[in-house]
There are 2 protein chains.
Amino acid sequence: MTDSLSPRAQKLRDAGHKLTNARLAVLQALEESGGHITSAEVLGRVDEIDSSVGRASVFRTLDLLTGLAIIRPTYIGTSMTPTYVLLPEGHHHHIICTNCNRVIEFDECGLEAIAAELEHRLGVRLTGHLLEFYGLCDQCV
Amino acid sequence: MTDSLSPRAQKLRDAGHKLTNARLAVLQALEESGGHITSAEVLGRVDEIDSSVGRASVFRTLDLLTGLAIIRPTYIGTSMTPTYVLLPEGHHHHIICTNCNRVIEFDECGLEAIAAELEHRLGVRLTGHLLEFYGLCDQCV
DNA sequence: AATGCATTTGATACAGTGTATCATTTTAGT
DNA sequence: ACTAAAATGATACACTGTATCAAATGCATT
Ligand SMILES: [Zn+2]
Ligand SMILES: [Zn+2]
Ligand SMILES: [Zn+2]
Ligand SMILES: [Zn+2]
């Protein structure tokens, strides 16, 4: 069988995890959402995709994907209800307005140099990063 | 009265908020902790500092400080129980090992250039940032 | 295709975290 | 000191994430 697996599903399998319905449903929910989605929204979408998937498996999968650096929980504005962000190419960057909580995404980060330096100096192997600027958006300045 | 206010307390006042016992107790708890502290730990420390401070005010203050970019909630390893990080000079950087959850702090980031570019291009005013690398620490490589 | 086992699951009941409410207290400016 | 507005603490609540465990499933091997 020459199944064409999504890259993230492949990453799951490569890490030695099984590709179950629950996990694929969560991945699909995340990918359809386009980023910055709360656990409540994931639960809702997964329920539409496959209502037999249980609550616990959704949270287990979110933890698993976080550990594999496929998603990253972040906070927007308040201390509760994290937002899960897909990390498409191993990194993600946004600006959060501390006044209106608007989120502005951007692509360039120029962090490759410092990442390489850290790997060399600290002996770590870096697979991705999240860069979060905060301040006032153009509407709130 | 020439009260010498801590810089963060000053920042609170400058933003038009009152300097109450509850807020000062939470600030003190955060500062004594040295970074990466959970809400449960904040609640415990605040209770020692001033047991009359109520639970709700602690959470209200954490939200307030987050909005002012004085602290930032982040996740270590799992999707629950955020860790609050003090942002001493407007920015904070760490590496999280996706295997053992060790946290490695580092200082240099070299993000001033891109911050200035974003301010110019997007019309925003940036006051700080959080940079989170993830990967494997030297023990786990 | 059928087998076998370790992994994963779903249901449920639970623990813990953060919040709404509102009468009372406190702050800070006059 | 006086006052209005802001903030508080107590409580009860809602919601998010988790422990448990018998049953189901993925997948490597035959
Ligand atoms: Zn804004
Ligand atoms: Zn980047
Ligand atoms: Zn490690
Ligand atoms: Zn920095």
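Every chain is numbered from 1 and lettered A, B, ... according to where its sequence line falls, protein lines coming before strand lines. Bear in mind that the values here come from a model prediction, so they are computed numbers and not experimental data.
Counting atom types as modelled, A/Arg60 pairs a side-chain N or O with a base atom of C/dG10 as donor and acceptor under 3.5 Å. Side-chain atoms of B/Arg55 and base atoms of C/dG18 include a donor and an acceptor less than 3.5 Å apart.
At distances below 3.5 Å, at least one donor-acceptor pair connects side-chain atoms of B/Arg23 with backbone N or O atoms of B/Lys18. Between the side chain of A/Glu41 and the backbone N or O of A/Thr38 there is at least one donor-acceptor pair closer than 3.5 Å.
Distance from the side chain of A/His17 is smallest to C/dT8 among C/dG18, C/dT8, D/dA19. Checking D/dA7, C/dA28, C/dT9 against the side-chain heavy atoms of B/Arg23 singles out D/dA7 as nearest. Nearest nucleotide to the B/Arg13 side chain, out of D/dT18, D/dA10, C/dA28: C/dA28. Checking C/dA6, C/dG18, D/dG17 against the side-chain heavy atoms of B/Ser39 singles out C/dG18 as nearest. The side chain of A/Thr20 lies closest to D/dG26 when the candidates are D/dG26, D/dG9, D/dG17. Relative to the side chain of A/Lys18, the nucleotides C/dT17, D/dT16, C/dT7 differ in distance, and C/dT7 lies closest.
Residue order along DNA chain C, read from the 5' end via each residue's closest nucleotide, puts A/Ser51 first among A/Ser51 and B/Leu43.
C/dT7 atom P lies 16 Å from atom CG of A/Leu19, rounded to whole Å. Between the CG atom of A/Asp14 and the C1' atom of D/dC27 there is a distance of 15 Å, rounded to whole Å. Separating the CG atom of A/Asp63 from the C1' atom of D/dT18 is a distance of 10 Å, rounded to the nearest angstrom. A/Gln10 places its CD atom 11 Å from the P atom of D/dC27, with the value rounded to the nearest Å. Note: CG (B/Leu12) to C1' (C/dT26) measures 16 Å, nearest angstrom. In this structure, the CZ atom of B/Phe59 is 17 Å from the P atom of D/dC15, given to the nearest Å. Here C/dT19 presents its P atom at 13 Å from CG of B/Leu64, a figure rounded to the nearest Å. Between the P atom of D/dT25 and the CG atom of A/Asn21 lies a distance of 8 Å, rounded to the nearest Å.
Among the candidates A/His92, A/His91, A/His129, the single residue satisfying the ring pair (Phe, Tyr, Trp, His ring centres under 6.0 Å) test with B/Phe133 is A/His129.
Nucleic acid contact for B/Ala22: sugar-phosphate only, since backbone atoms but no base atoms lie under 4.0 Å from a heavy atom of the residue.
In this model, no donor atom of one side chain and acceptor atom of the other lie less than 3.5 Å apart for B/His93 and B/Glu105.
Annotation for A/Val46 and A/Ala29: closest pair CG2-CB, 3.9 Å, computed over non-hydrogen atoms.
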